Engineer: 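Below is a structure I'd like to ask you about.
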Amino acid sequence: MPVARPELSDSRVIAHVDMDCFYVQVEQRKQPSLRGQPTAVVQYNSWQGGGLIAVSYEARKFGVKRSMRGDEAKQVCPEIQLVQVPVARGKADLNDYRNAGSEVVTILARRGRCERASIDEVYLDLTIAAEAMLADNPPECLETISEEAVKSHVLGLEEFPAEVGSDARERVRHWLTRSDASRRDKLLACGALIVAELRLQVLEVTEFTCSAGIAHNKMLAKLASGMNKPAQQTVVPFSSLSKLLGNLPIKKMKQLGGKLGTSLQIDLGVNTVGDLLQFSEEKLQEFYGINTGSWLWNTARGINGEEVKGRLLPNSHGSGKTFPGPRALKTVASVEKWLSELCEELSERLQSDLEQNKRIAHTLTLHAHAYKPNDSDSFKKFPSKSCPLRYGTSRIKEDALSLFQAGLREYLGLYNVKTSGNQNSGWGITGLSVSASRIVAIPSGTRSIMNYFPHQEETCPQVLLSSEKLIQDAQLLSPSENCLGSGGHLTLQSIEPWIACGEEDKETKHSMPLDRQKEDTEMCKLKLQDKETLLCSSPAAEVYQGWEKVQTESSGDYLTEKIRDSLESEEGKRKSNKEKGMSTISRYFQSQHSGSLLKVENASTSKLSESSSLSEPQSQLPQENSLARGESSVDARLCSQIKLKRPAWSYDVDEVDQDVLNELPKQIQEELQAWLRPQKRSNTVKKDLGITRYFLPAKDK
DNA sequence: ACGGATTAAACA
DNA sequence: TTGTTTAAT
């Protein structure tokens with residue numbers, strides 16, 4: 001695993017925050033009468049009382065454990081309250097928990113770079129905040145230390161000689177405020193104060209408790225957060241390392257809980273982290289490869305250079321369900337039905353992500369588990385398949401089904417001919433999931449980008465000699481028939497849907513009633529041009545290029561409906577009026593003055609966090625950045641390079657000097673990259689692709 | 001192949 | 001790059 005910056009002298013301040021039995025807390029907040037009671041969250045009540053996925057600490061005292069069945073739990077704890085996970089479309093619906101997790105992240109991201117590690121865990125890099133505190137207002141100068149902070153657990157504190165008669169909290173207070181501590185300890189002390197404050201804020205705002213670990217790296221912070229739960233925090237001073245790791249079972253370390261940990265035990269006789277110290281780095285690399293070997297060597301010493309990534313949003317979305325044993329799906333029709341449910345959920349979440357975060361997913365992947373009784377190679381796995389993701393529920397459904405059928409043919413083998421149709425030929429599907437990945441932010445600082453483009457707007461007709469016929473052809477050639485048909489690879493390329501967000505028609509807007517205007521801007525009118533689709537069918541590699549124009553009225557009704565309409569309707573295609581012939585892209589660039597509805601959550605008020613967020617873009621949470629007002633000469637140079645041998649909005653990246661790009665403000669560079677990167681052309685498409693050509697990255701071959 | 005539904009990331 | 005595998009919660 002990543003061996004970024006592994007230093008023994010690592011003095012960062014890293015926290016790992018872990019929500020206590022999170023799903024239970026969410027349900028208890030919904031239903032306060034459950035608070036304080038032994039409670040568990042369960043899904044699928046039908047069989048044996050369902051499976052537990054979260055257990056309150058009261059219930060744990062009775063020996064109730066995660067992944068018990070509901071019936072079992074009732075036996076050991078008759079009083080237990082079992083709450084069902086919400087169900088939608090016949091499957092567990094985790095949205096309540098995702099949303100609750102977002103509430104928490106919003107608060108935890110206030111003081112430093114924040115990485116959402118899972119639905120209920122985050123890592124924080126508090127180094128800058130801690131350094132600032134140490135410089136301005138160190139704990140040793142404080143007259144009072146927060147109650148929450150003195151409740152911290154400080155590893156190795158017992159070793160310190162302390163005044164007799166002092167209780168645990170007094171000892172902690174003393175440790176936190178020692179003026180003769182090492183710099184590293186002082187930084188951790190600051191971290192502990194900050195985390196205590198954050199946890200308190202989380203509690204006040206969300207009513208959720210959490211536990212935390214504070215250490216010099218992610219690995220140790222994670223380890224510590226689990227040591228004292230619930231609702232407590234644990235600090236790992238450097239000096240406590242050897243004792244901590246010395247006889248810690250190897251499997252307790254993150255990443256070593258599985259096969260690698262087992263191999264360490266069985267093959268090398270390593271049972272504790274301390275045991276690892278005997279092995280040279282080279283030896284470990286010999287056994288486990290360069291990266292893993294080095295990672296293990298460092299781990300043994302409490303060294304871990306992994307950075308806290310500034311990421312508040314997930315990198316993928318998925319929706320899946322298992323169909324165990326007798327419930328296995330045995331007909332394509334039933335698979336289609338369930339895929340349809342899964343795709344609806346996925347599509348809904350993609351819509352939300354688009355609206356709330358302005359991000360677009362690029363890849364659709366289908367996973368399935370299958371069995372095939374008698375066959376000899378019966379243990380073959382169902383292959384996962386992916387293709388470019390086209391927005392719109394019905395399209396996602398179509399594509400997912402195509403992917404499934406491609407996978408099924410491969411799984412069953414080529415001999416199993418045509419339409420064994422809907423009749424059970426022995427196989428069964430025990431699990432299905434669809435997921436969307438490669439999610440990238442739409443350049444949210446559209447305006448800032450626009451500052452670097454010529455403002456003149458003309459249409460760019462020649463590129464778009466609207467080949468409506470071709471479009472229609474392309475539409476008919478769904479990936480199913482087309483690309484999967486001849487046993488070849490998926491060859492459909494769909495260039496992303498362009499979404500414009502913003503005010504598109506000033507005149508109209510000004511004449512609108514005020515409240516309407518407000519509504520309008522706030523609701524982010526997305527204009528969606530559905531994709532440009534390129535198809536190249538297997539052998540001939542013939543390239544079709546088509547444009548579909550979908551236009552939403554600028555009167556701006558409710559966004560969501562608009563989007564859905566334009567996404568779903570196959571008839572929204574031809575609607576042209578004055579904008580006919582204008583590419584979506586150009587319209588996109590025209591609509592730049594977007595009143596962008598990005599809610600900047602976490603507008604931080606503290607100077608500390610401001611300074612930290614200045615240095616690095618924190619996350620892809622939409623930031624309404626004003627930015628880079630410096631009128632640069634680069635500005636002019638770029639404009640001159642983007643000149644108008646093409647329509648105003650288009651440019652040929654090949655003509656843009658990389659050095660010029662490099663001189664742009666970093667943020668602009670990133671935005672441009674975001675535009676360019678997803679446009680990379682697959683090497684299966686060699687011919688001139690018209691408009692897409694202009695978006696090819698210059699140096700990326 | 002009843003430890004379900006998700007997510008992430010490395011590796012080939 | 002796509003698909004597979006591991007791991008964690």
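What you see is a predicted model, and the numbers here were worked out from it, not measured in a lab. Only this structure's heavy atoms are used, side chains among them; waters, hydrogens and symmetry mates stay out. Throughout, a chain's letter reflects where its sequence line sits, starting with A, and its residues are numbered from 1.
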Engineer: Can you tell me how far C1' of B:dA9 sits from CG of A:Asn291, to the nearest Å?
Structural biologist: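 So the two atoms are 12 Å apart, to the nearest Å.
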Engineer: Closer than 3.5 angstrom, by distance alone: can the side chain of A:Asn217 be matched with the main-chain N or O of A:Gly302 as a donor-acceptor pair?
Structural biologist: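 Checked: pair present.
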Engineer: With sequence neighbours left out, write down each residue that passes ring-ring contact (aromatic ring centres under 6.0 Å, His included) with A:Tyr411, or none if nothing qualifies.
Structural biologist: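 A:Tyr411 satisfies ring-ring contact (aromatic ring centres under 6.0 Å, His included) with A:Phe382 only.
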Engineer: Base, sugar-phosphate, or nothing: which does A:Ser118 touch, judged by heavy atoms less than 4.0 Å apart?
Structural biologist: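 If one applies the 4.0 Å heavy-atom cut-off, A:Ser118 turns out to touch nothing in the nucleic acid.
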Engineer: Using the C1' atom in both, what is the distance from C:dT1 to B:dA9, to the nearest Å?
Structural biologist: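 It works out to 16 Å between them.
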Engineer: Looking at A:Arg311, I'd like to know whether one of its side-chain N or O atoms comes within less than 4.0 Å of OP1 or OP2 on B:dA8.
Structural biologist: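 It does, given that an N or O in the side chain of A:Arg311 lies less than 4.0 Å from OP1 or OP2 of B:dA8.
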Engineer: Expected output check: what is the dot-bracket annotation of DNA chain C, where ( ) and [ ] are pairs inside the strand (brackets for crossing ones), | is paired with another strand, and pairs are Watson-Crick or G-U under 3.5 Å?
Structural biologist: .||||||||
Engineer: Have A:Asp275 and A:Asn271 got a donor and an acceptor in their side chains that come within less than 3.5 Å?
Structural biologist: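 Per modelled atom types, A:Asp275 and A:Asn271 side chains form no pair under 3.5 Å.
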Engineer: Between A:Glu115 and A:Ala92, which is nearer to the 5' end of DNA chain B once each is assigned its nearest nucleotide?
Structural biologist: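 The residue mapped nearer the 5' terminus is A:Ala92.
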Engineer: Looking only at the side chains, is there a donor atom on one of A:Ser294 and A:Gln285 sitting less than 3.5 Å from an acceptor on the other?
Structural biologist: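 Indeed, the side chains of A:Ser294 and A:Gln285 share at least one donor-acceptor pair under 3.5 Å.
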Engineer: Closest to the A:Trp47 side chain: B:dA5, B:dC2, B:dT7?
Structural biologist: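 Nearest to the side-chain atoms of A:Trp47, counting from C-beta on, is B:dC2.
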Engineer: OP1 or OP2 of B:dT7 sitting under 4.0 Å from any side-chain N/O of A:Asn315?
Structural biologist: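 So the side-chain polar atoms of A:Asn315 never come under 4.0 Å of the phosphate oxygens OP1 or OP2 of B:dT7.
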Engineer: Please give me every residue in residues 318-325 of chain A whose heavy atoms get under 4.0 Å of an atom in DNA chain B, ordered by residue number.
Structural biologist: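 Correct list: A:Gly318, A:Ser319, A:Gly320, A:Lys321, A:Thr322, A:Pro324.
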Engineer: Would you tabulate the pairs of protein nitrogen or oxygen atoms and nucleotide nitrogen or oxygen atoms of nucleotides 6-8 of chain C closer than 3.5 angstrom?
Structural biologist:
residue: C:dT6; atom: OP1; partner: A:Lys259; partner atom: NZ; Å: 3.4
residue: C:dA7; atom: OP1; partner: A:Lys259; partner atom: N; Å: 3.0
residue: C:dA7; atom: OP1; partner: A:Leu260; partner atom: N; Å: 2.8
residue: C:dA7; atom: OP2; partner: A:Lys259; partner atom: N; Å: 2.7
residue: C:dA8; atom: OP1; partner: A:Gln255; partner atom: N; Å: 2.9
residue: C:dA8; atom: OP1; partner: A:Leu256; partner atom: N; Å: 3.4
residue: C:dA8; atom: OP1; partner: A:Gly257; partner atom: N; Å: 2.9

Engineer: Using a heavy-atom cut-off of 4.0 Å across all strands, would you classify A:Phe22 as base, sugar-phosphate, or nothing?
Structural biologist: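 Since no nucleic acid heavy atom lies under 4.0 Å of A:Phe22, the category is nothing.
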Engineer: Taking side chain to side chain contact (heavy atoms under 4.5 Å, CB included) as the test, write out the residues that go with A:Ala73, two or more places apart.
Structural biologist: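 Result, side chain to side chain contact (heavy atoms under 4.5 Å, CB included) vs A:Ala73: A:Leu52, A:Val64, A:Ile80.
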Engineer: Starting from P on C:dT9, measure out to OH on A:Tyr23 and report it in whole angstrom.
Structural biologist: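 The answer, rounded to whole Å, is 13 Å.
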Engineer: Tell me: CG of A:Leu313 to C1' of B:dT6, nearest whole Å?
Structural biologist: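 After rounding, the reported distance stands at 16 Å.
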Engineer: CG of A:Leu432 versus P of B:dT6: gap in Å, rounded?
Structural biologist: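 Going from CG in A:Leu432 over to P in B:dT6 covers 12 Å.
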Engineer: Under the rule for ring-ring contact (aromatic ring centres under 6.0 Å, His included), what residues qualify as partners of A:Phe208, not counting sequence neighbours?
Structural biologist: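 A:Phe208 satisfies ring-ring contact (aromatic ring centres under 6.0 Å, His included) with A:Phe22 once adjacent residues are dropped.
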Engineer: Which nucleotide, B:dC11, B:dT6, B:dG3, lies nearest any side-chain atom of A:Leu94?
Structural biologist: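 When the side chain of A:Leu94 is considered, B:dT6 is the closest of B:dC11, B:dT6, B:dG3.
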Engineer: If you pin A:His317 and A:Pro326 to their nearest nucleotides in DNA chain B, which one's is more 5'?
Structural biologist: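 On the 5' side of the pair lies A:Pro326.
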Engineer: Can you tell me, in whole Å, how much space there is between the P of B:dA1 and that of C:dT4?
Structural biologist: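 Their P atoms lie roughly 15 Å apart.
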Engineer: Taking CG from A:Asp120 and P from B:dA5, how many angstroms apart are they, rounded to a whole number?
Structural biologist: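 Whole-Å distance recorded here is 18 Å.
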Engineer: Look at the side-chain N and O atoms of A:Arg349 and state whether any lies under 4.0 Å from the OP1 or OP2 oxygen of B:dT7.
Structural biologist: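 The answer is yes; a side-chain N or O of A:Arg349 sits under 4.0 Å from OP1 or OP2.
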Engineer: A:Tyr44 OH to B:dC2 C1': how many Å, rounded?
Structural biologist: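 Distance check: A:Tyr44 OH to B:dC2 C1' gives 12 Å.
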Engineer: Between A:Ser386 and C:dG3, is there a side-chain N or O to OP1/OP2 distance below 4.0 Å?
Structural biologist: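 Result: yes.
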Engineer: C:dT4 phosphate, OP1 or OP2: any side-chain N/O from A:Ser384 under 4.0 angstrom?
Structural biologist: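 Checking C:dT4 against A:Ser384, a side-chain N or O does come within under 4.0 Å of OP1 or OP2.
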Engineer: Enumerate the salt bridge (charged side-chain N to carboxylate O under 4.0 Å, His left out) contacts for residues 215-232 of chain A, please, sequence neighbours excluded, ordered by first and then second residue.
Structural biologist: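 For residues 215-232 of chain A, and leaving out neighbouring residues, the salt bridge (charged side-chain N to carboxylate O under 4.0 Å, His left out) pairs sorted by first residue read A:Asp18-A:Lys229, A:Asp20-A:Lys229, A:Glu115-A:Lys218, A:Glu121-A:Lys222.
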Engineer: If I take atom CG in residue A:Leu346 and atom C1' in nucleotide B:dT6, what distance separates them, rounded to the nearest angstrom?
Structural biologist: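 After rounding, the reported distance stands at 12 Å.
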Engineer: Return the nearest nucleotide to the side chain of A:Arg66; candidates are C:dG3, B:dA8, C:dT9.
Structural biologist: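 When the side chain of A:Arg66 is considered, C:dT9 is the closest of C:dG3, B:dA8, C:dT9.
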Engineer: Take the protein atom CZ of A:Arg116 and the nucleotide atom P of C:dT9, then report the distance between them rounded to whole Å.
Structural biologist: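 Between P of C:dT9 and CZ of A:Arg116: 16 Å.
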Engineer: List for me each residue that meets ring-ring contact (aromatic ring centres under 6.0 Å, His included) alongside A:Tyr288, sequence neighbours excluded, and say none if there are none.
Structural biologist: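 Checked A:Tyr288 against ring-ring contact (aromatic ring centres under 6.0 Å, His included); zero matches.
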Engineer: Taking side chain to side chain contact (heavy atoms under 4.5 Å, CB included) as the test, write out the residues that go with A:Ala221, two or more places apart.
Structural biologist: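 Partners of A:Ala221 under the side chain to side chain contact (heavy atoms under 4.5 Å, CB included) test: A:Ile14, A:His16, A:Ala215.
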Engineer: Report the residues that fulfil side chain to side chain donor-acceptor pair (under 3.5 Å) with A:Lys380, sequence neighbours left out, ordered by chain and then residue number.
Structural biologist: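 For A:Lys380, no residue satisfies side chain to side chain donor-acceptor pair (under 3.5 Å) once neighbours in sequence are set aside.
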Engineer: Below 4.0 angstrom from OP1 or OP2 of B:dT7, is there any side-chain N or O of A:Arg98?
Structural biologist: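 True: A:Arg98 side-chain N/O within range (under 4.0 Å) of B:dT7 OP1/OP2.
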Engineer: Applying ring-ring contact (aromatic ring centres under 6.0 Å, His included), name anything that partners A:Trp338, two or more places apart in sequence or on another chain.
Structural biologist: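 A:Trp338: ring-ring contact (aromatic ring centres under 6.0 Å, His included) contacts with A:Phe323.
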Engineer: Heavy atoms only, 4.0 Å cut-off, all strands: where does A:His369 land among base, sugar-phosphate and nothing?
Structural biologist: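 Counting heavy atoms under 4.0 Å across all strands, no contact is made by A:His369.
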Engineer: Return the set of residues passing side chain to side chain contact (heavy atoms under 4.5 Å, CB included) with A:Lys337 (not counting sequence neighbours), or none when no residue passes.
Structural biologist: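 For A:Lys337, no residue satisfies side chain to side chain contact (heavy atoms under 4.5 Å, CB included) once neighbours in sequence are set aside.
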Engineer: A:His216 side chain to A:Arg12 main-chain N or O, any donor-acceptor pair under 3.5 Å?
Structural biologist: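 Judged by distance alone, yes, a pair lies under 3.5 Å.
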